[in-house]
There are 2 protein chains.
Amino acid sequence: MSQLERKTAGVPTLKRLPLYLRLLRKMKENGEEYASGTVVAKELGLDPIVVRKDLAITGAVGRPRLGFPMDEIIEAIEEFLGWTNTSDAFLVGVGSLGHALLGYQGFEQHGLRFAAAFDSDPDVIGKTVHGKTVLNIDQMPELAKRMHVRIGILTVTASVAQDVANAMIEGGIRAIWNFTPTTLDVPDHVILQREELASSLAVLSHRLLIESSRQP
Amino acid sequence: MSQLERKTAGVPTLKRLPLYLRLLRKMKENGEEYASGTVVAKELGLDPIVVRKDLAITGAVGRPRLGFPMDEIIEAIEEFLGWTNTSDAFLVGVGSLGHALLGYQGFEQHGLRFAAAFDSDPDVIGKTVHGKTVLNIDQMPELAKRMHVRIGILTVTASVAQDVANAMIEGGIRAIWNFTPTTLDVPDHVILQREELASSLAVLSHRLLIESSRQP
DNA sequence: CCCATAAAGATCTAATTGTATCGATTGACG
DNA sequence: CGTCAATCGATACAATTAGATCTTTATGGG
């Protein structure tokens, strides 16, 4: 049943949902009982219509004149994103970026927990980083299988990215969050999410260029 | 809006251009003289038509049967993105993420150079991180003005993000690359690029959820 | 108890992006 | 030297998604 009622949202909508969630949690802390799409939109500088449509897709129902009941709407978004049950993830590559991600506490609020961290460097293996002991990467596939970990986070150097990705897939990992500048080749059933800083920078640079040429 | 011949590309196109650029540079190193949209597409797993259209917008002209002359197409993309002349950027907030970004050497290949790094923590100020001495954040606006820095990279904690952004704007910075989970309020003329990990994670989680409900 | 109002919900329109098709061009090969 | 095939480039088409308008509903005030 849940496989039918689940709507498939567009990427822009999905990217906005965490913003709503963060704001709503803050509003709840302030003791607010209801949240209307209008105030959420105003707070985030978005169009109210967009917010309403985004919230609608989660299945939450609001009440006219009041808005959405706070607990309901938060629950609906979390449910929609699959953030109600935190899922375990393996992080591979404890370089500076890996360090940074391991140290970011916010992930647990988003349904993600670092079950373990791995590296291939003997100098790093055994060290404790932000409370996690770094394990040998050789153990990763086996552990992934045993713990049924579905999410892998790739923060290794580009040259070994494909090999590590293969190892992840061998371990049964179904989604890879790729922070390396590498185009990975994976089977169809594996979800690939690329986090490309260069792409973001490209958008920024281009916009800066356009702006500059408009009013130098 | 025809005061300049520069075309304004859509975001998806902009995000793909760095991928092309990286591949093309690699191909050039391998001694290739020409690059056809077809092989680029095949290498990156994209549709050849998309690649052709993307490359077309940069203004490069290709030759039938051969493709695009390597130097020309690389130059065209760099030019289009404004990566021919490296621009200086200030990084504010030398936490773990700031560390990671400062250590990423790839930026200089993308026309970005860290002119300086700043922090407010006395324990951090004066330290050298990846060759950059961390300066006091108080000096940032003044230095930005003097050095005509246009890009600011925000890697501070969420609570002070808005204040630091204001200081950046005061220093004349025109584009802010925001790595904090904060919705910043900035004047219209300031370009804001948000790097929201939670948003990416939302997309990943949702796709994983859809896939799981499809074939459990 | 009724009316005014604010907000949700549905429907429709427009824009953006991706996809397909077709012709033109040019280097390669027989 | 002529034909072929691959590739660019332009144009047209389709699908998805964002954005706008209108209607409905329920609440709070008079």
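In what follows, every chain begins at residue 1, and chains take the letters A, B, ... in the order their sequences are listed. Every heavy atom of this structure was used, including side-chain atoms; hydrogens, water molecules and symmetry mates were not.
There is no side-chain donor-acceptor pair under 3.5 Å between R22(A) and T183(B). E170(B) and N166(B) are not linked by any side-chain donor-acceptor pair at a separation below 3.5 angstrom, with hydrogens and angles left out of the test.
Picking from dG9(C), dG9(D), dA26(D) the nucleotide with the shortest atom distance to the side chain of V61(B) gives dG9(D). Comparing dG9(C), dA18(D), dC8(D) by their closest approach to the side chain of R52(A) singles out dG9(C).
Using a 4.0 Å heavy-atom distance criterion, V11(A) is classed as making no nucleic acid contact.
Contact annotation: T13(A) side-chain N/O to dA18(D) OP1/OP2 distance is under 4.0 Å. A sub-4.0 Å separation between OP1 or OP2 of dT27(D) and a side-chain N or O of R63(A) is present.
Projected onto DNA chain D by closest heavy-atom contact, I49(B) and P12(A) fall at different nucleotides, the more 5' of which corresponds to I49(B).
Remark: the K53(B) side chain and the dT19(C) base include a donor-acceptor N/O pair separated by less than 3.5 Å. Side-chain to base pairing of R65(B) with dA5(D): one donor and one acceptor N or O lie within less than 3.5 Å of each other.
Distance CD1 (I73(A)) to C1' (dA7(C)): 14 Å, rounded to an integer number of Å.
At least one donor-acceptor pair closer than 3.5 Å links the side chain of K132(A) to the backbone N or O of F114(A).
Checked for salt-bridge contact, R16(B) and E196(A) miss the test: no charged N lies under 4.0 Å from a carboxylate O.
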